[in-house]
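Just so we're clear, the structure is a prediction, and the values are computed from it rather than from any experiment. Below, read A as the first sequence line, B as the second, and so on, with proteins coming before strands; counting in each chain starts at 1.
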Amino acid sequence: MGAKGVKQETEEQQDFVKEVTKMSDDFDRWYTDVVRKAELADWSGVRGMMVVRPYGWAMWEAIMRAFDDMIKESGHENWAFPLLIPREYLMKEAEHIEGFAPEVAWVTRAGGSMEELEEPLAVRPTSETIIGPLIKRYIQSHRDLPKLTNQWNSVVRWEMRSRLFLRSREFWWQEGHTFHASADEAMQEADLILGYYRSIAEDWLAVPVLTGRKSPAETFPGAVHTLTVEGLMRDGLALQMGTSHYFGQNFARAYDISFSNRENARELCYSTSWGISTRLVGALVMAHGDDSGLIMPPKIAPIQVVIVPIFRDDESRTKVERFIDTWSPNLRAAGIRHRVDWRDERPGDKYAHWELKGVPIRLNVGGRDADAGQVEMVDRLARQKVGVPISGIGKRLAHELDAFQKKLFDRALNYQSDNTYQLETLDQVVAHFRERGGFVWTQWCGEGEEEARIKTDAGGVTIRTIDEETKVSGRCFVCGRPAKSRVALAKAY
RNA sequence: CGGGGAGUAGCGCAGCCCGGUAGCGCACUUGACUGGGGGUCAAGUGGUCGCGGGUUCAAAUCCCGCCUCCCCGACCA
């Protein structure tokens with residue numbers, strides 16, 4: 001049906017990429033179009049099971065590298081724990097299993113004749129229940145603590161409704177699990193990781209976030225408290241971009257993970273767990289994208305600079321190629337991930353292609369540029385063509401990429417502040433979310449029944465995070481009693 | 001998991017009601033002209049009609065079951 005509909009495009013020069021549904025027309029369709037056409041991921045034929053394509057995986061790889069470096073720096077070690085969890089392990093921590101039971105997939109048969117297993121095995125939805133009983137072997141003494149483990153893997157949660165990257169039945173993530181000799185130390189660990197997550201979101205993905213504690217209803221099953229990183233997407237919905245849990249001794253008690261302290265007394269460990277997932281790739285799409293497709297923060301971009309040669313025949317091609325060869329090594333020297341697009345396509349196709357893929361900077365290079373000793377630079381945000389001399393181009397581009405990273409963050413930060421409000425009553429909140437999205441700060445008494453009322457009365461609005469830094473004075477926006485904490489509300493994915 | 005819609009070439013669709021052995025656009029391949037924002041022409045390739053069963057001389061088309069996808073709701077990193 002597209003052919004006729006697309007005709008009525010306004011003749012803005014902005015309207016470069018034509019194969020993606022406009023964000024303003026239908027955000028969900030826009031998202032799906034971008035993810036698929038930018039070749040990030042696809043569905044696989046088994047419901048809810050995603051195939052992550054190289055370009056999408058490269059984004060995840062950048063995140064993995066950044067985070068892996070952070071946790072290695074603070075002494076964490078990567079492990080590999082089993083995919084399948086015996087039922088009895090899974091069942092030990094009551095709240096945990098109650099929370100996860102609805103979405104666990106079970107292996108009940110195996111072998112050529114599909115014999116029924118004596119004991120069903122759960123496909124891990126998260127690994128607390130397998131790491132607990134295994135890790136205790138390695139923890140005897142306070143000298144064995146802290147035990148700081150992490151694993152990069154995939155987990156399965158039998159979701160009923162799926163969206164690429166945001167909610168699939170299998171997703172890839174890291175799950176950190178740490179064990180400590182004191183509550184204080186474990187809580188500090190959860191805080192430390194929250195800081196890392198904030199850095200991943202803001203410094204790497206260029207997505208500004210709110211951080212804080214989850215309300216009881218949103219706390220991880222089995223946790224004492226859950227810390228969260230919440231970003232705002234361009235449709236006004238919030239997205240949880242990472243969580244860090246403090247377990248107290250809950251899991252240690254369930255699995256008897258204990259150590260001999262300095263007084264030679266037996267004591268239960270304090271533990272944490274924390275995770276970020278391929279969901280962040282979706283966050284990147286929804287936080288920065290526009291009607292032309294992705295906009296990639298340079299630090300994550302699989303390709304930071306793309307060079308589009310422009311030529312008409314072998315002779316001019318050779319000329320352009322020689323020209324590019326004279327300065328492109330400078331990009332490598334400057335540590336810039338770049339690629340020359342020699343594909344047999346027309347320049348306009350290539351422009352649209354790389355814009356869809358969100359490459360931060362494009363260099364158009366033709367014979368005229370070779371003669372002038374310059375290139376034509378276009379960045380994905382401003383989309384203005386600027387002549388750039390090739391002398392010092394490596395440094396210049398490195399600088400442009402830094403500036404781009406910052407511009408992208410500032411743009412997202414402005415968007416966040418423009419869509420953050422302060423309200424005082426439930427009526428105001430309900431009215432607000434009927435009209436628009438965004439974050440709404442208010443204050444709350446902390447009672448569970450009030451939290452439940454928000455969700456029903458305000459149509460899916462939830463407490464995203466509790467600000468523990470700021471003291472509150474006002475009244476609970478639901479019941480009017482004195483408020484205990486400042487909270488951010490939003491509709492969320 | 002409830003309610004609605006849909007699966008025909010890589011993508012988007014027509015054909016189905018009224019059974020007769022599959023078509024259109026884009027993409028793809030080859031060639032020519034082209035090339036600084038998505039070009040033109042010509043000649044081609046490509047389909048177990050989602051899967052399984054049934055009815056029939058004959059099934060994309062009719063019947064039954066299943067799978068998958070999309071939209072809307074309840075649950076969720």
Could you tell me whether A:K350 contacts a base, only the sugar-phosphate backbone, or nothing, with contacts defined as non-hydrogen atoms closer than 4.0 Å? nothing
Closest nucleotide among B:G36, B:C75, B:A77 to the A:S277 side chain: B:A77
Look at A:R362 together with A:E355 and state whether they make a salt bridge at an N to O cut-off of under 4.0 Å. yes
Ionic contact status for A:D349 with A:R343, cut-off 4.0 Å: no
Send over the distance from A:R169 CZ to B:U68 P, rounded to a whole Å. 7 Å
Quote, to the nearest angstrom, the C1' distance that separates B:G47 from B:C11. 14 Å
So if I take every side-chain heavy atom of A:R368 and compare against B:A77, B:G36, B:G37, which nucleotide ends up nearest? B:G36
What's the gap between B:G65 and B:U21 when it is taken at their P atoms, as a whole Å value? 29 Å
If you measure from the P atom in B:G3 to the same atom in B:C66, how many Å do you get, rounded? 13 Å
Touch class at under 4.0 angstrom, heavy-atom based, for A:L166 against every strand present: base
Any base atoms under 4.0 Å from A:G367, or only sugar-phosphate, or nothing? Heavy atoms, all strands. base
In whole angstrom, give me the gap between the P atoms of B:U48 and B:G10. 9 Å
Find the partner of B:G7: check Watson-Crick (N1-N3 plus N6-O4 or O6-N4) and G-U wobble (N1-O2, O6-N3) distances, both under 3.5 Å, and reply none if neither fits. B:C67
Atom pair distance, as rounded to whole Å: OH in A:Y351 and P in B:G37: 6 Å
Among residues at least two apart in sequence or on other chains, which ones pass side-chain hydrogen bond (donor to acceptor under 3.5 Å, both in side chains) with A:D28? none
Go through B:G36, B:G37, B:A74 for me and flag the one nearest to the A:M160 side chain. B:A74
Report which part of the nucleic acid A:T456 touches: base, sugar-phosphate, or nothing (heavy-atom distance under 4.0 Å, all strands). nothing
Regarding the side chain of A:F171, the nearest nucleotide among B:A77, B:C1, B:G37 is B:A77
Tell me whether A:E128 is salt-bridged to A:K92, with the criterion being a basic N under 4.0 Å from an acidic carboxylate O. no
Look through every strand shown and name the nucleotide pairing with B:A77 as Watson-Crick or G-U wobble, where both distances are under 3.5 Å. none
Scan A:T243 against the nucleic acid and name what it touches under 4.0 Å (heavy atoms): base, sugar-phosphate only, or nothing. nothing
What is the distance, to the nearest angstrom, from the CG atom on A:D369 to the P atom on B:G36? 13 Å
Spell out yes or no: do the side chain of A:R346 and the base of B:G36 have one donor N/O and one acceptor N/O closer than 3.5 Å? no
Are A:D68 and A:W152 close enough, and set up right, to give a side-chain hydrogen bond (donor to acceptor under 3.5 Å, both in side chains), and what steps lead you there? CA-CA 9 Å; A:D68 206 60; A:W152 293 95; 2.8 Å; yes
Is the shortest distance from a Lys or Arg side-chain nitrogen in A:R464 or A:E218 to a carboxylate oxygen in the other one below 4.0 Å? yes
To the side chain of A:E345, which of B:A77, B:C28, B:G37 is closest? B:C28
Interatomic distance at P, B:G50 relative to B:A22, whole Å: 15 Å
Across every strand shown, the nucleotide meeting Watson-Crick or G-U wobble geometry with B:A14 (both distances under 3.5 Å) is none
Between the protein and nucleotides 69-72 of chain B, which nitrogen or oxygen pairs are less than 3.5 angstrom apart?
{"from": "B:C69", "atom 1": "OP1", "to": "A:G48", "atom 2": "N", "distance (Å)": "3.1"}
{"from": "B:C70", "atom 1": "OP1", "to": "A:W43", "atom 2": "NE1", "distance (Å)": "3.1"}
{"from": "B:C72", "atom 1": "OP2", "to": "A:R161", "atom 2": "NH2", "distance (Å)": "2.7"}

Got a salt bridge between A:R396 and A:E400, using NZ or NE/NH1/NH2 to carboxylate O under 4.0 Å? yes
For a quick check, tell me whether the side chain of A:D313 and the base of B:G35 share a donor-acceptor pair closer than 3.5 Å. no
Can you measure A:R317 atom CZ to B:U34 atom P for me and round it to whole angstrom units? 18 Å
Which nucleotide, in any strand shown, forms a Watson-Crick or G-U wobble pair with B:G31, with both distances under 3.5 Å? B:C41
Roughly how far apart, to the nearest Å, are B:C62 and B:A6 at atom P? 12 Å
Here the distance between atom P of B:C11 and atom CG of A:D33, to the nearest Å, is 14 Å
Checking A:F67, A:Y196, A:W274 against A:H76 for ring pair (Phe, Tyr, Trp, His ring centres under 6.0 Å), the one that qualifies is A:W274
Which nucleotide, if any, forms a Watson-Crick or G-U wobble pair with B:G20, using both distances under 3.5 Å? B:C57
In whole angstrom, give me the gap between the P atoms of B:G12 and B:A74. 29 Å
Of all the heavy-atom pairs spanning A:E451 and A:P216, show the shortest one and how long it is. OE1-CD, 4.0 Å
How is A:P347 classified with respect to the nucleic acid when contacts are heavy atoms under 4.0 Å: base, sugar-phosphate, or nothing? sugar-phosphate
Among the candidates B:A77, B:A74, B:G39, find the nucleotide nearest to the side-chain atoms of A:E159. B:A77
In Watson-Crick or G-U wobble terms, with both distances under 3.5 Å, the base opposite B:G47 is none
Just the rounded figure in Å: distance from P of B:A27 to CG of A:D349. 9 Å
From C-beta outward on A:D344, which listed nucleotide comes closest to its side chain: B:G36, B:A77, B:G35? B:G35
Students often get this wrong, so: under 4.0 angstrom with heavy atoms, is A:F311 touching a base, only sugar-phosphate, or nothing? base
Using whole Å, report how far CZ of A:R53 lies from P of B:G10. 14 Å
Salt bridge or not for A:D290 and A:R234, using N-O below 4.0 Å? no
Can you measure A:R343 atom CZ to B:A27 atom C1' for me and round it to whole angstrom units? 14 Å
Closest-nucleotide mapping onto RNA chain B: is A:G460 or A:E218 further toward the 5' terminus? I mean the 5' end. A:G460
Do the side chains of A:E39 and A:R53 get close enough for a salt bridge, i.e. N-O under 4.0 angstrom? yes
Let me spell it out: for each of A:T278 and A:G348, pick the nucleotide of RNA chain B with the closest heavy atom. Which residue's pick is nearer the 5' end? A:G348
What interatomic distance, in whole Å, is found between P of B:G52 and the corresponding atom of B:C13? 24 Å
Would you mind classifying the nucleic acid contact of A:G275 as base, sugar-phosphate or nothing, using non-hydrogen atoms under 4.0 angstrom? nothing
